[in-house]
Amino acid sequence: MPATSLDSVVSLCKRRGFIFPGSEIYGGLANTWDYGPLGVELKNNIKQLWWKTFVHKRQDMVGLDAAILMNPKVWEASGHVSNFNDPLIDCKACKQRFRGDKLLEEKLGIEAAAVLKLEQVQPMLMAEKIPCPSCGKLDWTPAKKFNLMFKTQQGVIEGEGTDIYLRPETAQGIFVNFKNVSQTTRMRLPFGVAQIGKAFRNEITPGNFTFRTREFEQMEIEYFFDATINKWEDVFAQWKKDSWSFLVDQLGINPENLRFRDHEKDELSHYSKGTTDIEYKFPWGWGELCAAAAYRTDFDLNQHQQFSGEDLQYTDPDEPTRKIIPHVMEPSYGADRIALAVLLDAFNEEKLENDTRTVLKFSDKIAPIDLAILPLSKKEHLIAKAQELYKKIIQETDLTVDFDVTGSIGKRYRRQDEIGTPICITVDFGTLGEDEAQGLKDTVTIRDRDTLQQERMSIEDLTERLARC
Ligand code: ATP
């Protein structure tokens, strides 16, 4: 069940320590968010699962971690200095600034808005009578291009440094290292390079919680291939499939809340032959979750070869006289946007017999806490027994384990449901051998988050089963 509102997820995130407003004690900084103790576990699990799926479990992929600050020429070669623009419009009445295409998108849909030219944005806003969301007046300036790159300076003397940019995507770090990677790894085409890291965009209208922020994390792949051997349509179709499978089979997102969206011809960059996004049904409508595959031809390596003067050709190991500039397929995912979709998708409010419960039904692969150990009461010798079990599990497995003693057992179950813990283990007086009605000595109760079923199991069987996790 998708979340009924974004507000309920935002408030759960704050209440339980997933995501906090940034710099909160200073009144915040608009649209910045900090991941709390549970949020960082969730996002790390998503990133690690992505890395495992696309790097460790594939022979044709390697990883990279390039610097955020790069030579400014990189952004000239990539086209970001001249082309990385959004259509900025001002409300003449209240002077607020907006992204014209996004206002049109809300009314006309993502497909219609995506193909509009810069000069069409303001007339279309007037024709569709789309008023300023801030003051309600209909008085727009013509749209102008606004470059989204954050500029900063490198150097010790203020005003004398060189202008540089915070990277607006991680992809270019891969292209500029293509030669280093292919020479040091001796990878043969087709092969891919993956990278996870921060990217920065001076978005005109960030918002919808962590959906659009100015600082975010990307997980990107550049997959290099010889277009005379591999048909781009086949590579494209395979990456669409792999991207979809990561979201559905690994992260556990409900496929009914996902759809592919092919970019229209007018929407494609001049060098791209095809791009398909995967969109998620957010509470405010369909929105891009990731680029499942974007075919970038040989544009990027050619540009960097030309601007850097370095030979970036790949030498065919079977035919050393044959040198080519490989073509590239780019799947690109936003870690924060995916974490948001995962939270929304996992959010459920369930009616029980005499109660309702909020539960985050995360896939076991990414739940921030794998299991919680709950001593039934605060009696010292019971806590000591539960602590013994806790220590045994964290020593013998790689699981993330919570130990919770505060509040009634019912309240603690609800708390673990709300943070999405798949399994709770209760240690009681039966475990101690003091009350057979609760269970046999050295057995514990295991409660399943989703079915609410409780099962009694010996500690020995339990730790053996968990050791296999
Ligand atoms: P949008 O149309 O939403 O601005 P985009 O097409 O510019 O996104 P890409 O350049 O394809 O996005 O970036 C790849 C991925 O990075 C996106 O699918 C998204 O998951 C993530 N991403 C891009 N911009 C942001 C942002 N401002 N905040 C959070 N995540 C982002």
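In this text, all values refer to a predicted model and were calculated from it rather than measured experimentally. Start at 1 and go down the list; that is how both ligands and their atoms are numbered. Residue numbers start at 1 and run along the sequence shown.
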shortest atom 29 (C) of ligand 1-to-protein heavy-atom contact is with Phe211 O, 3.2 Å
Looking only at protein heavy atoms, which one is nearest to atom 30 (N) of ligand 1, and how far off is it? Phe216 CD1, 3.5 Å
Need the ligand 1 atom indices (1-based, order shown) with element for anything under 4.0 Å from a heavy-atom of Cys290. 18 (O)
I would like to know whether Tyr280 and Trp286 meet ring pair (Phe, Tyr, Trp, His ring centres under 6.0 Å); could you show each step before the answer? CA-CA 6 Å; Tyr280 181 77; Trp286 290 99; 7.6 Å; no
Lys351 versus Thr356, side-chain donor and acceptor atoms under 3.5 Å: no
Atom 10 (O) of ligand 1 [closest protein heavy-atom partner, distance rounded to 0.1 Å]: Arg201 NH2, 3.0 Å
Could you tell me if any non-hydrogen atom of Glu279 lies under 4.0 Å from any atom of ligand 1? no
Numbering as shown, the atoms of ligand 1 that approach Arg99 to under 4.0 Å (heavy-atom distance): 4 (O)
Salt bridge (Lys or Arg N to Asp or Glu O under 4.0 Å) between Arg15 and Glu418, worked out: CA-CA 10 Å; Arg15 193 169 68 246; Glu418 255 201 334; 2.4 Å; yes
Any idea which protein heavy atom is nearest atom 28 (N) of ligand 1, and the distance to it? Thr213 N, 3.1 Å
Is Arg212 in polar range of ligand 1, meaning some N or O pair under 3.5 Å apart? yes
Which residues satisfy the side-chain contact (heavy atoms from CB on, under 4.5 Å) test with Asn31, sequence neighbours excluded? Pro206
Taking heavy atoms and a distance under 4.0 Å, where does Leu289 meet ligand 1: side chain, backbone, both or neither? backbone
Pairwise side-chain contact, Phe211 with Phe282, heavy-atom cut-off 4.5 Å (strictly under): yes
For Leu104, side-chain contact (heavy atoms from CB on, under 4.5 Å) partners two or more places apart: Leu108, Ala113, Leu116, Val121, Met124, Leu125, Ile130
In terms of residue, atom name and distance, what is the protein heavy atom nearest to atom 11 (O) of ligand 1? Glu288 OE2, 3.3 Å
Between Gln218 and ligand 1, which part of the residue brings a heavy atom under 4.0 Å of the ligand: side chain, backbone, both or neither? side chain
Give me the nearest non-hydrogen protein atom to atom 21 (C) of ligand 1 as residue plus atom name, then the distance to 0.1 Å. Gly334 CA, 3.7 Å
Ring-face cation of Arg447 near Tyr413 (centre distance under 6.0 Å, axis angle within 45°): yes
Determine, using ring centers only, whether Phe191 and Phe224 are less than 6.0 Å apart. yes
Please say whether the positively charged group of Lys151, taken as NZ for Lys or CZ for Arg, lies over the ring of Tyr165, i.e. under 6.0 angstrom from the six-membered ring centre and within 45 degrees of the axis. no
Just which atoms of ligand 1 are under 4.0 Å from any heavy atom in Glu203? 24 (N), 26 (C), 27 (N)
Of the side chain and backbone of Arg337, name the one, both, or neither that has a heavy atom under 4.0 Å from an atom of ligand 1. side chain
Atom 14 (C) of ligand 1 sits nearest the protein heavy atom Ser332 OG, 3.0 Å
